[in-house]
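As a basis for the values below, the full set of heavy atoms in this structure was taken, side chains included, without hydrogen atoms, waters or symmetry mates. Remember, it's 1-based here, ligands and their atoms both numbered in the order they're listed.
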Amino acid sequence: MDDLTPLRQLWLDRINTAADPAAIEEVRLAALGKKGEISLKMRELGKMTPEERQTTGRKLNELRDEIDAALRARKISLEDAALEARLAEEWLDVTLPGRPRPQGTIHPISQVTDEITAIFADMGFAVAEGPQVESDWYNFDALNIAPEHPARQEHDTFFMHRAEGDDRPPHVLRTHTSPVQIRAMQEQGAPIRVIAPGRVYRMDMDQTHTPMFHQIEGLAIGRDISMAQLKWTLEEFCRAFFEVDEVELRFRASHFPFTEPSAEVDIRCSWDGGQLKVGQGNSWLEILGSGMVHPKVLQAAGIDADEWQGFAFGLGIDRLAMLKYGIPDLRAFFESDLRWLRHYGFAAGDVPSLSGGLTA
Ligand code: DAH
């Protein structure tokens, strides 16, 4: 057989100019694969005389081994180069100082909403939602507040606009989170245990009122849920929320169209030195409205009032935030004053939980 030198040179050149592992594989197949040039040549050995076969066979074997070794070496060096390039590109200076804390903080309202949600979630309440632009029926009628009911006036409602000639009652900006009770019962039926945090709107503005504020609605419907369970739930909630061992609640008979009986709930506190302390002292502070869900409300939501009963409550998030964090003026919540926010704000990564601490 003729001189193998040109062949050798050809393949070694191809190997050395292969630019990446895929190209190497191509060269390998073209040379040493089943139908590769070297493999085919080896097959021709069979047609040779024994003497020829001995010399050419040896040379071909050597060539095959050499190409094989060159392929492997080139592959390794290509992989090494790729790794080097990657290491150079993904370079990281571990001696750099840590990144500064993000500028943004969590607003006290969001923080308190998360805290309250965590506490009720722990007691088995799921979160329900409803729209902020609500129909007159959900906001009032379904909650047993008839069109002529005085509560409609008390709610200082914002009405949405209706087109000229459209006589249907206008939608409203929901005046409370109670309509979510109806929506949740319609969607899920009974039994049910939900809370509904969200924005509510009333036309009112002074040191203790803003036109938009936040409530959390609670609803628990079962076959024999009672006022006693309402009391336990709220006491348990207050203990967890204010992070004190003892709280004392006072239930005052009250009236809401959607509950019967109804109670407003005050919490025992003291104002010594202008500092509010929950759980001790001689003052009482109203924190929420509550009661046993009125049968008409259950009916409006499609629930059989002979079979099901339960409690509901509605509490003001802004109020609770002021109480817990000693914020004297409600309006500060909405002024977007960054210095105020940084003073009261909470770190973005802190997620309130009962096991991990509400206010880590
Ligand atoms: N919706 C009432 C309000 O905004 C608060 C309230 C009172 C909610 C009693 C309730 C309840 O669920 O049972 O003034």
Side-chain angles (χ1 to χ4, degrees), residues 113 116 120 125 127-132 134-146 149-158 172-186 190 192-204 208-222 225-234 237-238 249-267 285-298 300-301 303 305 308-320 330:
T113 305
I116 299 173
F120 283 111
F125 286 76
V127 173
E129 283 183 316
Q132 293 175 47
E134 188 54 284
S135 80
D136 177 81
W137 187 82
Y138 278 107
N139 196 79
F140 296 120
D141 299 73
L143 290 162
N144 196 30
I145 309 174
H149 197 290
R152 290 217 182 193
Q153 272 70 56
E154 284 161 25
H155 275 215
D156 302 311
T157 312
F158 285 107
V172 300
L173 289 180
R174 68 177 179 197
T175 58
H176 50 180
T177 43
S178 302
V180 186
Q181 288 186 28
I182 307 292
R183 290 181 176 275
M185 284 189 279
Q186 282 180 333
I192 185 172
R193 234 184 305 173
V194 288
I195 53 164
R199 293 180 170 171
V200 300
Y201 303 83
R202 289 186 203 178
M203 231 182 301
D204 212 348
T208 51
H209 296 91
T210 49
M212 186 277 285
F213 56 106
H214 303 82
Q215 289 186 334
I216 286 205
E217 195 75 14
L219 175 72
I221 302 292
I225 289 185
S226 70
M227 202 84 180
Q229 283 152 355
L230 168 67
K231 189 156 183 277
W232 180 88
T233 304
L234 293 176
F237 161 72
C238 287
L249 297 185
R250 180 171 77 177
F251 281 63
R252 255 183 309 110
S254 179
H255 176 77
F256 299 104
F258 31 88
T259 44
E260 181 59 38
S262 306
E264 278 175 300
V265 177
D266 306 333
I267 189 165
L285 205 90
E286 185 196 322
I287 52 168
L288 62 92
S290 65
M292 296 300 292
V293 178
H294 198 292
K296 284 193 177 164
V297 173
L298 294 173
I303 290 196
W308 303 99
Q309 61 179 38
F311 63 74
F313 58 86
L315 46 88
I317 297 178
D318 314 67
R319 194 83 192 269
L320 285 179
L330 187 61

Yes or no on salt bridge (charged side-chain N to carboxylate O under 4.0 Å, His left out) for Arg199 and Asp318, after CA distance, side-chain angles and deciding distance?
CA-CA 10 Å; Arg199 293 180 170 171; Asp318 314 67; over 6 Å; no

Is there a side-chain contact between Ile182 and Leu143 (heavy atoms, below 4.5 Å)?
yes

When you check ligand 1 against the protein, what N or O pairs turn up below 3.5 Å? List the atom names and distances, or just say none.
residue: ligand 1; atom: 1 (N); partner: His176; partner atom: ND1; Å: 2.9
residue: ligand 1; atom: 1 (N); partner: Ser178; partner atom: OG; Å: 2.9
residue: ligand 1; atom: 4 (O); partner: Arg202; partner atom: NH2; Å: 2.8
residue: ligand 1; atom: 4 (O); partner: Gln215; partner atom: NE2; Å: 2.9
residue: ligand 1; atom: 12 (O); partner: Gln181; partner atom: NE2; Å: 3.1
residue: ligand 1; atom: 12 (O); partner: Glu217; partner atom: OE2; Å: 2.6
residue: ligand 1; atom: 12 (O); partner: Phe313; partner atom: N; Å: 3.4
residue: ligand 1; atom: 12 (O); partner: Phe313; partner atom: O; Å: 3.4
residue: ligand 1; atom: 13 (O); partner: Ala312; partner atom: O; Å: 3.2

Quick one: sort the Phe120 and Phe125 rings into parallel, tilted or perpendicular, breaks at 30° and 60°.
perpendicular

Distance under 6.0 Å and angle within 45° of the ring axis: does Arg183 meet both against Tyr138?
yes

Should we count CZ of Arg319 as having more than 12 external heavy atoms under 6.0 Å?
no

Taking atom CD of Gln229 as the centre, does the number of heavy atoms from other residues, nucleotides or ligands within less than 6.0 Å exceed 12?
yes

